[in-house]
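Working notes, beginning with the structure itself.
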Amino acid sequence: MRTGAPEVPATGVWAEVVGQPDAVGTLHAAADAARRQVRGEQVPPGAMTHAWLFTGPPGSGRSIAARAFAAALECEDLATPGCGQCTACRTVLHGTHADVKLVVPEGLSISVAEMRALVQAAARRPSTGQWRVVLIEDSDRLTEGAANALLKAVEEPPPRTVFLLCAPSDHPEDVSVTIRSRCRVLQLRTPLSRAIADVLRERDDIEPQLAEWAAEVCGGHIGRARRLATDELARERRESVLRIPLGLQRFADVFTAASGLVKLAETEAVTANEDRNESEREELKTAMGAGGTGKGTASATRGANAALKELEKRQKSRATRSQRDALDLALVDLAGFYRDVLVTRTGSQAVLNHPDFARASAKAAAEWTSESTLRRLEAVLECRTALTQNVKPLIAVEAMLATLFTG
């Protein structure tokens, strides 16, 4: 999408917004207009608006762009918004700025109670910065009640409050039409592999060959490219998933592979949350006076036990989401493999999703028909849908793998 905004150098807070020059130009211009608006100057209509919707495919950097914009709005540098060096920029990017509320859903949804509390906080005037910013990552996880609560605030926003919503698309399944109609939509694109490789080499000091490989196989997802380049276990998990299509030699392999795939996702979820869960438990116990003696100890202990149960409930919800995210990532890899098989069968010169598995996709292309390959691809996509509808992971994966086996 060409916005006509001038290209902004990838410095300051914009340095992490990879491969999105048009979006950066638009956001930089809006931040500059917001600064002039605060000073009482006249700005062109629509140059700055109170609600934004950042859309784009996974890995395009929706939340990163939104955080960079929030930092630019609060930036203390008098020359240009988004210096990346001032206290405001640093605290926004680290999630500790007093006037920037980050909503990062750890469970499967954002509740109406959480959104009502957020709307109340958003109504207050900024305390230290120029704007009060509410940034909601994964706004597609809003429940219907939460979306209605947010709508009221977006319809009649406080004069110095900005809402930044992030979602995969502006489709009604992701964001309600009423909310979308009140937002300025900024669509991000999938970054080119060249831009991702440059970031890995220059900012993460990744060896050039590994950086190029990770950029090629990450599907345009910057975060995953970084993880593949730095985490050997992540590379091993990806390989084990991509070995599944040609590894289904007997029907019994369906159940073995399904169990292994679900277990892989569970292990990844535990690994991702284990240290954090323990830290949260210890912090809560300390805050509730664990180990104390004397008068009032019994009531404090009861209160601590209730708080621990609530914490365990939140941690369980977070683990469920982490497991589904890990499983969904594996399904995306599988879908990419079957797409590569179709590309190979048709003789297309399109770039493969998994060039390092080109031999395997070529072997499958020689053995399968295009129709059976499409049926397999559809089974993977149907499994992704089933998981969003709370079908038990093992059942959904077994049903998918049965189709992958029979074609």
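Keep in mind it's a predicted model, so treat the numbers as computed, not measured. Values below: every heavy atom of this structure, side chains too, minus hydrogens, waters and symmetry copies.
- Residues Arg376 and Ser372 have side chains that bring a donor and an acceptor to within less than 3.5 angstrom of each other.
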Let me see the working for Arg160 and Arg125 under side chain to side chain contact (heavy atoms under 4.5 Å, CB included), right down to the final yes or no. CA-CA 7 Å; Arg160 297 281 286 277; Arg125 288 184 59 83; 4.0 Å; yes

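- Scanning all heavy atoms of the two residues, the minimum distance from Ala396 to Cys383 falls at O-SG, 3.6 Å.
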So Phe69 and Leu186, side chain to side chain contact (heavy atoms under 4.5 Å, CB included) or not? Walk me through it. CA-CA 12 Å; Phe69 184 41; Leu186 188 72; over 6 Å; no

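- One distance of note links CZ of Arg339 with OG1 of Thr373; it measures 13.5 Å at 0.5 Å rounding.
- A heavy-atom distance below 4.5 Å is found between the side chains of Leu331 and Met400.
- At most 12 non-hydrogen atoms from other residues, nucleotides or ligands lie less than 6.0 angstrom from CZ of Arg194.
- Rounded to the nearest 0.5 Å, atoms CG (Asp138) and CD1 (Ile110) are 7.0 Å apart.
- Residues satisfying the salt bridge (Lys or Arg N to Asp or Glu O under 4.0 Å) criterion with Asp198, sequence neighbours excluded, are Arg201.
- Within the model, atoms NZ of Lys152 and OG1 of Thr178 stand 12.0 Å from one another, a figure rounded to the nearest 0.5 Å.
- The nearest pair of heavy atoms linking Ala72 to Pro81 is O-CB, 3.6 Å.
- Between Leu73 and Val133, the shortest heavy-atom distance links the atoms CD1-CG2, 4.2 Å.
- Across Leu387 and Arg324, no two heavy atoms sit closer than the pair O-NH1, 3.5 Å.
- Between Ser370 and Arg345, the side chains place a donor N or O and an acceptor N or O closer than 3.5 Å (distance only, hydrogens not considered).
- With contacts defined as side-chain heavy-atom distances shorter than 4.5 Å, the pair Val241/Phe337 does not qualify.
- Here the options are Thr55, Asp174, Asp140, the test is side chain to side chain donor-acceptor pair (under 3.5 Å), and the partner is Ser169; only Asp174 passes.
- His50 places no side-chain N or O within donor-acceptor distance of the main-chain N or O of Phe163, the cut-off being under 3.5 Å.
- To the nearest 0.5 Å, the span separating CH2 on Trp52 from CG on Leu165 amounts to 12.0 Å.
- Thr143 places none of its side-chain heavy atoms less than 4.5 Å from the side chain of Ser111.
- Listed by first and then second residue, the ring-ring contact (aromatic ring centres under 6.0 Å, His included) pairs involving residues 342-384 are Tyr338-Trp368 (not counting sequence neighbours).
- For the pair Leu374 and Glu371, the minimum side-chain heavy-atom distance is 4.5 Å or more.
- Side-chain atoms of Glu137 never come within 3.5 Å of backbone atoms of Val103 as a donor-acceptor pair (strictly under, hydrogens ignored).
- More than 12 heavy atoms of other shown residues, nucleotides or ligands fall within 6.0 angstrom of atom CD in Glu239.
- Atom CD of Glu41 has more than 12 neighbouring heavy atoms from other residues, nucleotides or ligands inside a 6.0 Å radius.
- The backbone N or O of Leu246 lies less than 3.5 Å from a partner atom in the side chain of Gln249, making a donor-acceptor pair.
- Without hydrogens or angle criteria, Gln20 side chain to Arg189 main chain gives a donor-acceptor distance under 3.5 Å.
- Leu404 is not listed as a side-chain neighbour of Pro245, based on a closest heavy-atom distance of 4.5 Å or more.
- Nearest heavy-atom pair, Leu261 versus Val397, reported as atom, atom and distance to 0.1 Å: CD2-CG1, 3.9 Å.
- At distances below 3.5 Å, not a single donor-acceptor pair connects side-chain atoms of Asn148 with backbone N or O atoms of Gly145.
- In this structure, the side chain of Arg132 engages the main chain of Arg124 through a donor-acceptor pair within 3.5 Å.
- Separation of atoms CG (Leu248) and OG1 (Thr256) is listed at 9.5 Å; rounding is to 0.5 Å.
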Let's go through Val341 and Glu367 carefully: what are the C-alpha distance in whole Å and the side-chain angles of both, what is the deciding distance for side chain to side chain contact (heavy atoms under 4.5 Å, CB included) to 0.1 Å, and is it a yes or a no? CA-CA 10 Å; Val341 174; Glu367 297 177 358; over 6 Å; no

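- With a 4.5 Å cut-off on side-chain heavy atoms, Val43 and Met48 do not count as touching.
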Test side-chain hydrogen bond (donor to acceptor under 3.5 Å, both in side chains) on Ser63 and Arg67; report intermediate values, then the result. CA-CA 6 Å; Ser63 60; Arg67 287 199 188 208; 5.6 Å; no

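- You'll find the side chain of Asp231 reaches within 4.5 Å of the side chain of Arg237, heavy atoms only.
- Using a 4.5 Å heavy-atom cutoff, the side chains of Arg224 and Asp333 are in contact.
- Here Leu150 contributes atom CG and Ser139 contributes atom OG; the two are 8.0 Å apart, rounded to the nearest 0.5 Å.
- The ring-ring contact (aromatic ring centres under 6.0 Å, His included) pairs that include a residue from residues 213-251 are Phe251-Phe255, Phe251-Phe405, where partners are two or more places apart or lie in different chains.
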Criterion side chain to side chain contact (heavy atoms under 4.5 Å, CB included) on Ser240 and Leu264, from CA distance to verdict: CA-CA 9 Å; Ser240 66; Leu264 199 69; 3.7 Å; yes

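- Scanning all heavy atoms of the two residues, the minimum distance from Gly336 to Asn353 falls at CA-ND2, 3.3 Å.
- The local environment of CZ in Arg39 is crowded, with over 12 non-hydrogen atoms from other residues, nucleotides or ligands closer than 6.0 Å.
- Under the 4.0 Å criterion applied to side-chain N and carboxylate O atoms, Asp356 and Arg235 are not assigned as salt-bridge partners.
- Using a 4.0 Å cut-off between a side-chain N of Lys or Arg and a carboxylate O of Asp or Glu, Arg35 and Asp32 do not qualify as a salt bridge.
- Checked options Thr87, Thr91, Asp99; the residue passing with Thr128 is Asp99 (criterion: side chain to side chain contact (heavy atoms under 4.5 Å, CB included)).
- Looking only at distances, no side-chain donor or acceptor of His28 sits under 3.5 Å from a matching main-chain atom of Val24.
- Glu207 places a side-chain N or O within 3.5 Å of a backbone atom of Leu210 that can act as its donor or acceptor partner.
- Partner of Cys166 under the side chain to side chain contact (heavy atoms under 4.5 Å, CB included) criterion, out of Val175, Leu135, Ile136, Leu53: Leu135 alone.
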